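Heads up: the structure comes next, in structure tokens.
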Amino acid sequence: MNRSLEDFIAAAPQPQRTGLRVVLALAARPRGAALLSRVPPLAEVGRSLLAMDRYEDPALARSLGWDAEAVVARGLALRRAEGRP
């Protein structure tokens, strides 16, 4: 699990934090995912958490059209052009 996903889960209140960790652990395993499929909303949460974890990979994000470094560079250039620090 990447650091951003850990931070996201850690920011949740305690009951949800534990639940998210359990759902993520189940969703990452074939038998756990099969179990979660019996409760479609939980299965969706599990798939979403796994997707969030994968999309933090810069190479994958760039392949999907999101380049964080380019966004930061554009923002800095705009700030400079506007004379802001």
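Positions are given from 1, in the same order as the sequence printed here. Just so we're clear, the structure is a prediction, and the values are computed from it rather than from any experiment.
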Taking every heavy atom of Ala33 against every heavy atom of Ala27, the minimum-distance pair comes out as CB-O, 4.0 Å
Establish whether Leu76 and Trp66 are linked, either directly or via other cluster members, by ILVMFWY side-chain heavy-atom contacts under 4.5 Å. no
Would you say Val45 and Leu20 make side-chain contact, with heavy atoms under 4.5 Å? yes
Could you give the distance from CG (Leu36) to CG (Leu42), rounded to the nearest 0.5 Å? 6.0 Å
Step through the shown structure and confirm whether more than 12 heavy atoms of other residues, nucleotides or ligands are within 6.0 Å of CZ on Arg29. no
Taking only residues two or more places apart in sequence or in another chain, which ones pass side chain to side chain contact (heavy atoms under 4.5 Å, CB included) with Ala70? Asp67, Arg74
Could you list the residues that satisfy salt bridge (charged side-chain N to carboxylate O under 4.0 Å, His left out) with Arg3, not counting sequence neighbours? Glu6, Asp7
Strictly distance-based, threshold 3.5 Å: is any side-chain N or O of Arg17 a donor or acceptor partner for the main-chain N or O of Ala12? yes
In this structure, CG of Leu49 is separated from CD1 of Ile9 (nearest 0.5 Å) by 5.5 Å
Please identify each residue that fulfils side chain to side chain contact (heavy atoms under 4.5 Å, CB included) with Arg31, with sequence neighbours left out. none
Side chain to side chain contact (heavy atoms under 4.5 Å, CB included) filter on Leu64, not counting sequence neighbours, yields Tyr55, Leu60
So CG of Leu5 and CZ of Arg54: to nearest 0.5 Å the spacing works out to 11.0 Å
Quick check against the 3.5 Å criterion: does Arg38 have a side-chain atom that pairs as donor or acceptor with the backbone of Ala34? no
CD (Gln14) with more than 12 external heavy atoms under 6.0 Å: yes
Partners meeting side chain to side chain contact (heavy atoms under 4.5 Å, CB included) with Ser48 (sequence neighbours left out): Glu44
side-chain hydrogen bond (donor to acceptor under 3.5 Å, both in side chains) with Arg21: which residues, sequence neighbours excluded? none
